[in-house]
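Comments concern the structure below.
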Amino acid sequence: MICNRAELAASDAHEIALDCIEAAVDAAAPAAATKSAVSRDSQTLTVGGTTYDLDEYSEVIVVGGGKAAGGVTRALESILGDTLSGGHVVVTQAIDTETVRSSVGDHPLPSDRNVAATTKMLEKVDEADEDTLVLFVLTGGASALLSAPAGDLTLDDLQTTTDRLLSGGVPIAEINAVRKHLSDLKGGQIARRAAPATVAGILISDVVGNDLSTIGSGPSVPDETTYEDAVDVFERYDLTPPPAVHNHLEAGQDGRITETPFPDDPAFDHVTNHLIGDNATALDAAATVAREAGYEPLVLTSRLRGEAREVAKPLVAIVEEATSTGTPVEPPAVLLAGGESTVTVTGDGGQGGPNQEFVLSGALAHDGDAVIAAVDTDGEDGSSDAAGAIADASIIDDRKRARDALLANDAGSYLSEIGATVETGPTGTNVNDVVILVIPDPNE
C-alpha cells in the first residue's frame with residue numbers, strides 16, 4: 001500500500017508506525033467495512049442489525065456516491081449477485097461493476113459532470129416504488145460528487161455560495177444548513193424522492209463525531225434546519241449570497257418552496273441508516289497491530305481537530321510525559337489519534353496538507369526519539385500527492401529551513417526533500433486522518 005515504504009523504514013519504530021498506517025487504511029477499506037456489516041442468508045439480507053426479506057421486493061438497486069462508493073458497490077454486488085437489479089453511483093475513480101452503473105465525477109469542487117451524473121442517479125431513485133429496496137451508499141466526498149442544484153439555481157450559484165461561506169469563517173454545521181436548502185437531494189430529500197420505497201442507507205463516515213446528518217449533508221437523514229436558518233447564516237456572518245440564492249432562500253422562507261423533510265416526515269417511515277465504518281474503525285485496527293508487535297496502544301481520541309501545527313504540540317508533550325514518567329502509558333507504546341485537523345494558509349501556497357504540517361511541527365517540537373506519523377486515509381493530504389508524512393526529530397537536518405517551510409505552508413516540499421512523505425496514491429476510502437506516535441523502549 002505504501003509505495004515508498006522501503007525508504008521510510010529507518011528503524012523498528014518506523015516499521016511499527018507504517019504497519020499501523022496500513023492496518024488503519026485496510027480496516028476502513030470499503031469492501032472490508034461492507035462485508036463486516038452486510039450479509040446474506042438465502043433470501044434474507046442483513047445490514048447492520050436490520051434484516052430485509054428479498055422476496056418482498058421486485059427490484060433491489062444501489063445508488064449513491066463518494067470516494068469509497070465504488071468499493072462498497074462492488075462488495076454489494078458480490079453479496080447480492082443476480083438479486084441486484086441495477087443502480088447508479090458517482091465516484092472519483094473509474095471502477096469495474098457488473099450490474100450497477102458508475103460515473104466518474106470531480107472532487108473537491110463540484111462540476112458540470114457531477115451534476116449530469118447525479119441527475120442520472122436521481123432518475124433511478126425517482127423510479128423506485130413500494131416494491132423497491134434502495135441501498136443508498138454514502139461516503140466521504142459525496143458532498144461534491146452528488147450535486148443537484150435546486151430549482152433554477154446553477155452550479156456557479158452553489159460554488160460561489162460555498163466559497164463565500166468558507167472564506168467567511170462559517171462553521172460546517174451552518175454551511176450544511178445552507179447547502180441542504182440549495183439542493184434537490186441533501187437534507188433528507190433522497191428519502192422523500194425514494195418514498196414509498198424501502199431505503200437502507202449504507203454510510204462510511206468522514207465526519208468527526210459521526211453526525212449522520214452531516215455526512216454528505218444527510219441525503220437520507222432527517223433535516224432539523226429550515227430555510228429561515230439558512231437565511232440567518234448569511235445575516236449572522238454579514239455575508240451576501242448570489243442573487244439567485246437569495247431569491248431561492250426567500251421563497252423557501254415564505255413557504256413558496258417545500259421545506260426539507262423533518263424527523264416526523266412520513267418519507268422516513270421506511271428508511272434506516274447504517275454506519276458501517278468510521279475513524280474509530282481505523283484506530284482500532286492500528287491499535288491491534290501495535291499490541292501484537294509488543295507495544296502498548298493508547299487511543300487518545302477520534303475527534304482530533306484544530307490547526308494542525310498547533311494540535312501536534314500537546315500530543316508530542318504526551319509522548320514526552322510517557323517517556324519520562326510512564327504516564328499515561330508505559331513505553332514501548334503507540335499513541336493513536338484521529339479526526340480532521342486544518343491548515344490556515346498564510347504563505348504563498350506551498351505543498352502539503354494538515355498531516356504533513358502536523359508531522360513537521362511535531363518533529364520540531366519533540367526532544368526525544370519518538371516517531372511521528374500522520375496520514376489522510378484517502379491517500380491525498382492537501383495540495384500534494386502524498387498521504388502524509390513520517391519523521392522523528394533526528395531527520396530534521398536544518399531546523400531553520402524546516403521552520404520557514406512550516407510558516408510558509410510548504411511542509412510538503414521540505415518533507416519530500418528529506419524523504420519523509422508517505423506515498424500511497426488514492427486509497428479508495430476516506431475516514432479522516434490517522435495519527436501514530438511510536439514511543440520506543442527507553443532501555444533499548
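All values reported here derive from a predicted model rather than from experimental measurement.
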Please list every donor-acceptor pair under 3.5 Å in which a side-chain atom of residues 45-54 meets a protein atom from a residue at least two apart or in another chain.
| residue | atom | partner | partner atom | Å |
| --- | --- | --- | --- | --- |
| Y52 | OH | H274 | NE2 | 3.1 |
| D53 | OD1 | D55 | N | 3.0 |

Please tell me whether T83 and R40 have a donor and an acceptor in their side chains that are separated by less than 3.5 angstrom. yes
Would E357 and N409 count as having a side-chain donor-acceptor pair, cut-off 3.5 Å? yes
Could you tell me whether the side chain of E259 and the main chain of Y227 form a donor-acceptor pair under 3.5 Å? yes
Taking atom types as modelled and ignoring hydrogens, do the side chains of T44 and D41 form a donor-acceptor contact shorter than 3.5 angstrom? no
Please determine which of V375, L18, D19 meets the side-chain contact (heavy atoms from CB on, under 4.5 Å) test together with I2. L18
As an exercise, state the distance from CZ of R179 to OG of S143, rounded to the nearest 0.5 Å. 5.0 Å
Any side-chain heavy atom of V137 within less than 4.5 Å of one from L76? yes
State the CG-CG distance between L133 and L84, to the nearest 0.5 angstrom. 9.5 Å
Reported CZ-to-OG1 distance for the pair R192 and T258, which is rounded to 0.5 angstrom: 6.0 Å
Donor-acceptor pair, T160 side chain versus D157 backbone, under 3.5 Å? no
About how many Å separate CG of N432 and CG of N279, when rounded to the nearest 0.5 Å? 5.5 Å
The reported gap from OG in S58 to CG in D131 (rounded to nearest 0.5 angstrom) is 4.5 Å
Side-chain donor/acceptor of T214 to backbone N/O of S217, under 3.5 Å: no
May I have the step-by-step check of salt bridge (charged side-chain N to carboxylate O under 4.0 Å, His left out) for R305 and E340, ending in yes or no? CA-CA 5 Å; R305 54 194 183 273; E340 188 170 23; over 6 Å; no
R303 backbone acceptor or donor facing T301 side chain under 3.5 Å: yes
Salt bridge (charged side-chain N to carboxylate O under 4.0 Å, His left out) partners of R236, counting only residues at least two apart: E174
Before giving the answer on side-chain hydrogen bond (donor to acceptor under 3.5 Å, both in side chains), spell out for E123 and H88 the whole-Å C-alpha distance, their side-chain angles and the decisive distance to 0.1 Å. CA-CA 9 Å; E123 289 172 358; H88 198 128; over 6 Å; no
Is there a side-chain contact between K313 and S361 (heavy atoms, below 4.5 Å)? yes
Taking side chain as C-beta onward, heavy atoms only, is F262 less than 4.5 Å from T226? yes
Using only atom types and a distance under 3.5 Å, with no angle test, would you say the side chain of T281 pairs donor to acceptor with the backbone of G277? no
Quick one about S220 and N273 (side-chain donor to acceptor, distance below 3.5 Å, no hydrogens or angles considered), yes or no? yes
State whether the side chain of S416 and the backbone N or O of G412 hold a donor-acceptor pair below 3.5 Å, judged by distance alone. no
Without swapping roles, check the side chain of S39 against the backbone of K35 for a donor-acceptor pair under 3.5 Å. no
Do T34 and R74 have side-chain heavy atoms sitting under 4.5 Å apart? no
pair L360-L415: side-chain heavy atoms closer than 4.5 Å: yes
Once rounded to the nearest 0.5 Å, what's the spacing between atom CZ of R291 and atom CD of E296? 6.5 Å
Trace of the side-chain hydrogen bond (donor to acceptor under 3.5 Å, both in side chains) decision for Q356 with S384: CA-CA 10 Å; Q356 291 163 82; S384 74; 3.0 Å; yes
side-chain hydrogen bond (donor to acceptor under 3.5 Å, both in side chains) contacts touching residues 244-254 (sequence neighbours left out): D254-R256
Do D376 side-chain atoms and A387 backbone N/O form a donor-acceptor pair below 3.5 Å? no
